[in-house]
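Here is the structure we will look at, set down as structure tokens.
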There are 2 protein chains.
Amino acid sequence: MKNKLKVLRAERDWTQAQLAEALDVSRQTINAIEKGKFDPSLPLAFKAARLFKLAIEDIFQDEV
Amino acid sequence: MKNKLKVLRAERDWTQAQLAEALDVSRQTINAIEKGKFDPSLPLAFKAARLFKLAIEDIFQDEV
DNA sequence: CAAAAATGTAAAGTATACATTACTTTTTGT
DNA sequence: ACAAAAAGTAATGTATACTTTACATTTTTG
């Protein structure tokens, strides 16, 4: 599962810590998801989609 | 998290077992998700979206 | 360049997604 | 009504999402 969190953060000039707080998860969770260590849960994916006002599919991509 | 799996199955006249096989999970997993016992993982949500040719948000809804 | 901020990473623990087995209840078809 | 199929449910086990603490490395800024 790939994702655009790093780019979306960069566009807004947000740190991992700021995004983590906005999504109510730990900074390590954001870091791990950005680095592809694991996939977010569906509820967390929904939270991110709401935050960025994007579709889940626009943020997270099933890599084939 | 609400979902339309039961309706989508009904439209296609599929059993829980058939949907489970198509998504490569157990029948109990489908049953539990339909009954709201737990949310699917993001990868499973993507699989369902591909199968039904719908957006994840069209199948699963964050209840407020 | 030095300090500070941001990012990366690791270990250990908790919560939840999912499997398997097995059984009960409900629905469907003849 | 009866049998068969489908759906519901429960217990136990495993995998993974996520937390917390802690520290190392990289990047940014004065």
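Protein chains get the first letters and strands the later ones, always in sequence-line order, with residue 1 at the start of each.
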Side chain of B/Thr15 only, please: which of D/dA6, D/dT9, C/dC18 is the nearest? D/dA6
Both B/Pro43 and B/Trp14 contact DNA chain D. Which one's nearest nucleotide lies toward the 5' end? B/Trp14
Does B/Ser26 reach a base, just sugar-phosphate, or nothing at all? Heavy atoms under 4.0 Å. base
Rounding to a whole Å, what distance do you find between B/Leu19:CG and D/dA6:P? 14 Å
Calculate the interatomic distance between A/Glu34 atom CD and D/dC18 atom P; express it in whole Å. 14 Å
At under 4.0 Å, does any side-chain N or O of A/Asn31 touch on OP1 or OP2 of C/dT7? no
When you measure from the side-chain N and O atoms of A/Ser41 to the phosphate of D/dC18, is any distance below 4.0 Å, counting only OP1 and OP2? yes
Nearest-angstrom distance from the residue atom CG of B/Leu44 to P of D/dA15: 18 Å
Between the side-chain atoms of A/Arg27 and the base atoms of C/dA6, is any donor-acceptor pair under 3.5 Å? no
Please report the C-alpha distance between A/Asp62 and B/Arg50 in whole Å, then the side-chain angles of each, then the deciding distance to 0.1 Å, and finally whether the salt bridge (charged side-chain N to carboxylate O under 4.0 Å, His left out) criterion is met. CA-CA 10 Å; A/Asp62 226 5; B/Arg50 272 204 309 272; 2.3 Å; yes
Could you tell me how far apart A/Ile33 (CD1) and C/dG8 (P) are, to the nearest whole angstrom? 13 Å
On DNA chain C, nearest-nucleotide positions of B/Asp24 versus A/Lys6: which is more 5'? A/Lys6
Residue pair B/Leu42, A/Ile56: steps toward the side-chain contact (heavy atoms from CB on, under 4.5 Å) verdict: CA-CA 10 Å; B/Leu42 186 56; A/Ile56 288 178; 4.0 Å; yes
Determine whether A/Leu19 and A/Leu8 satisfy the following criterion, side-chain contact (heavy atoms from CB on, under 4.5 Å), listing intermediate values before the conclusion. CA-CA 10 Å; A/Leu19 177 57; A/Leu8 291 168; over 6 Å; no
Taking all non-hydrogen atoms of both residues, which atom of A/Gln16 and which atom of A/Ile30 are closest, and how far apart? O-CG1, 4.1 Å
Length of the CG-C1' vector between A/Asp39 and D/dA17, whole Å: 9 Å
Using the rule given for side-chain contact (heavy atoms from CB on, under 4.5 Å), can you reason through B/Asp24 versus B/Lys47, listing the C-alpha separation, both sets of side-chain angles and the distance that settles it, and then say yes or no? CA-CA 9 Å; B/Asp24 200 37; B/Lys47 269 193 172 185; 3.4 Å; yes
Using a 4.0 Å heavy-atom cut-off across all strands, classify A/Thr29 as base, sugar-phosphate, or nothing. base
From CD of A/Gln16 over to P of D/dT19, roughly how many Å is that when rounded to an integer? 13 Å
Rounded to the nearest angstrom, tell me the gap between atom CD in B/Gln28 and atom P in D/dA6. 14 Å
I need the NZ-C1' distance between B/Lys35 and C/dT26, as an integer number of Å. 11 Å
